[in-house]
Undergrad: 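Got a structure for you, questions after.
Numbers here simply count residues along the sequence, with the first being 1. Atoms within each ligand, like the ligands themselves, are counted from 1 in listed order. All of these numbers come straight from a predicted model, not from anything done at the bench.
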Amino acid sequence: MPSAANEVFLSVVCPFYNEQGMVELFMQNIIPVLEQQEKSYELICIDDGSGDATLSELLEAQQQYPAIRVLSLSRNFGKEAALTAGLDHAQGQVIVPIDADLQDPPELITQLIALWKEGYDVVLAKRTDRSTDSILKRLTARWFYKLHNKISNLNLPENVGDFRLISRKVLMAIQQLPENQRFMKGIFAWVGFKTASVEYKRARRAANKSSFNFVHLWNLALESITSFSSVPLRVWLYMGATISFLSFIYASVIIVRTLILGIQLPGYASLMVTILFLGGIQLMGIGVLGEYIGRIYLETKRRPSYLIDKEY
Ligand code: UDP
Ligand code: MG
């Protein structure tokens, strides 16, 4: 049932970035699922500054399905910001973020809602099978989650993306978090609430190419860790202490040896190794500091995380 202005039950939020050719297919898959629900829905599509015909395709789809709302951002702000924009505009009792590429199966929404009815505030969609991802991507993802969950207080659920159901209560909690660098997966996990999960098999992207390459994923990983953990800052204290301790022992050995055996000239290699090693460590330490200071810098500007060009 399409929505009547202010009594929306289900809000589906979907960011689109250069998804030309995908819009119609997406609608054909998701609209029937939404129509099946006994309550009203809205489908919020965010055009994240696409450079192709995505926006006009969305507007065309809106002609056909009036439950679609289109937000167009003033430029490409990235998926996290686009999702935030959609969440800020969602009016439903339950909210489901979903990707436009049909990697998140819309049919699952019915199951997510069924679990919500049992009293869960968050229902995660868990991928059981990542065989559509490359081995390298799977391995690095696994290491990332292991490391991340070890060094931060936050437990990021593995194999879960942004596709999930959250209740209005959770949405309001999320909106209380003031940061404008929004790593949504972390934010979703941070707020907590009673959580259940549903498993599904992840499909291949239906069309176009994923815009997340290795550099992107690396940045996302850094973003996530620096957003939710200060261990990388603290580790230098221990690293420094260990190295100083070892140096002290080494120095004692040299002194004792000099006292016993007299002055020896050789030692160029060990000197070089020590200097290079310490230099490298120091540079890494400064790099980590830089990472956090950069984030503080961006946060202190208090810029909005997205700007809306027009709402259709
Ligand atoms: N997306 C976006 N802004 C961006 C990049 C991606 O809104 O700058 C959207 C994209 O259209 C898709 C979703 O985010 O709906 C997931 O993107 P993608 O499939 O490229 O990522 P992956 O599935 O590889 O994580
Ligand atoms: Mg995808």
Side-chain angles (χ1 to χ4, degrees), residues 11-30 43-58 61 68-90 95-106 108-109 124-127 129-138 140-142 144-145 156-164 180-188 200-221 223-224 305-309:
S11 296
V12 176
V13 176
C14 182
F16 287 77
Y17 176 57
N18 289 349
E19 299 284 4
Q20 173 175 324
M22 202 47 233
V23 176
E24 207 186 322
L25 190 61
F26 176 73
M27 296 305 168
Q28 280 166 8
N29 277 273
I30 198 165
L43 175 56
I44 303 181
C45 301
I46 304 97
D47 172 44
D48 187 14
S50 301
D52 59 8
T54 305
L55 180 59
S56 56
E57 288 184 13
L58 283 173
I68 297 179
R69 289 170 63 196
V70 181
L71 298 177
S72 109
L73 303 188
S74 61
R75 64 169 169 85
N76 178 243
F77 281 92
K79 185 187 173 187
E80 313 293 319
L83 197 55
T84 305
L87 292 178
D88 287 346
H89 286 77
I95 297 99
V96 177
I98 193 170
D99 281 2
D101 55 11
L102 292 175
Q103 282 191 296
D104 307 330
L108 213 65
I109 293 177
L124 306 174
K126 222 176 205 142
R127 315 186 265 258
D129 171 34
R130 292 185 68 135
S131 56
T132 53
D133 287 338
S134 68
I135 294 182
L136 189 70
K137 190 168 175 187
R138 269 183 279 165
T140 44
R142 146 100 10 116
F144 166 71
Y145 284 109
L156 269 193
E158 204 170 336
N159 293 332
V160 169
D162 292 326
F163 185 35
R164 62 185 67 203
N180 44 21
Q181 307 271 308
R182 298 187 86 78
F183 174 64
M184 290 314 293
K185 225 197 258 192
I187 289 180
F188 282 139
Y200 75 103
K201 223 174 141 172
R202 189 150 171 94
R204 227 173 260 284
R205 221 173 194 290
N208 298 332
K209 263 182 67 184
S210 168
S211 46
F212 287 85
N213 53 26
F214 181 76
V215 178
H216 246 108
L217 290 173
W218 170 255
N219 287 337
L220 207 61
E223 171 119 9
S224 166
S305 40
Y306 61 86
L307 286 176
I308 289 182
D309 176 29

Undergrad: Taking heavy atoms and a distance under 4.0 Å, where does F16 meet ligand 1: side chain, backbone, both or neither?
TA: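 The answer is the backbone of F16.
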Undergrad: Taking the six-membered ring of F144, is NZ or CZ of R142 closer than 6.0 Å to its centre and within 45° of its axis?
TA: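 Geometry flag: not set, cation outside 6.0 Å or 45°.
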Undergrad: Would you mind listing which atoms of ligand 1 come within a distance below 4.0 Å of any non-hydrogen atom of P15?
TA: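 Contacts of ligand 1 toward P15, numbered from 1: 7 (O), 9 (C), 10 (C), 11 (O), 12 (C), 15 (O).
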Undergrad: N/O of A82 under 3.5 Å from N/O of ligand 1, yes or no?
TA: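 Looking only at distances, the answer is no, because the N/O contact criterion of under 3.5 Å is not met.
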Undergrad: So, D99 and the Mg ion (ligand 2): N/O/S under 2.8 Å, yes or no?
TA: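 Of the N, O and S atoms in D99, none lies under 2.8 Å from the Mg ion (ligand 2), which means no.
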Undergrad: Say whether C14, considering both its backbone and side-chain N or O atoms, lies within less than 3.5 Å of an N or O atom on ligand 1.
TA: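 There is no such contact.
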Undergrad: More than 12 foreign heavy atoms under 6.0 Å from CD of E24: is that the case here?
TA: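 Counting other residues, nucleotides and ligands, CD of E24 stays at 12 neighbours or fewer.
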Undergrad: Ligand 1 versus N76, non-hydrogen atoms closer than 4.0 Å: side chain, backbone, both, neither?
TA: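 Side chain only.
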Undergrad: Between N18 and S50 (side chain of the first, backbone of the second, donor and acceptor by atom type, cut-off under 3.5 Å), is there such a pair?
TA: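 Not a single qualifying donor-acceptor pair exists.
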Undergrad: Where the Mg ion (ligand 2) is the centre, what is the OE1-to-OD2 angle for Q103 and D101, rounded to 10°?
TA: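 That angle is 100°.
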Undergrad: Please give me the minimum heavy-atom distance between L83 and P97, naming the atom from each residue.
TA: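 In this case the closest contact between L83 and P97 is CD1-CB, 3.7 Å.
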Undergrad: For atom 14 (O) of ligand 1, which of M22, E19, E80, K79 has the closest heavy atom?
TA: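 Looking at heavy atoms only, K79 sits closest to atom 14 (O) of ligand 1.
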Undergrad: Does the T54 side chain pair with the main chain of Q20, one donor and one acceptor, at a distance under 3.5 Å?
TA: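 Checking the backbone N and O of Q20 against the side chain of T54, a donor-acceptor pair under 3.5 Å is found.
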Undergrad: Give, for atom CZ of F77 and atom CD1 of I308, the distance between the pair rounded to the nearest 0.5 Å.
TA: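 Those atoms lie 9.5 Å apart.
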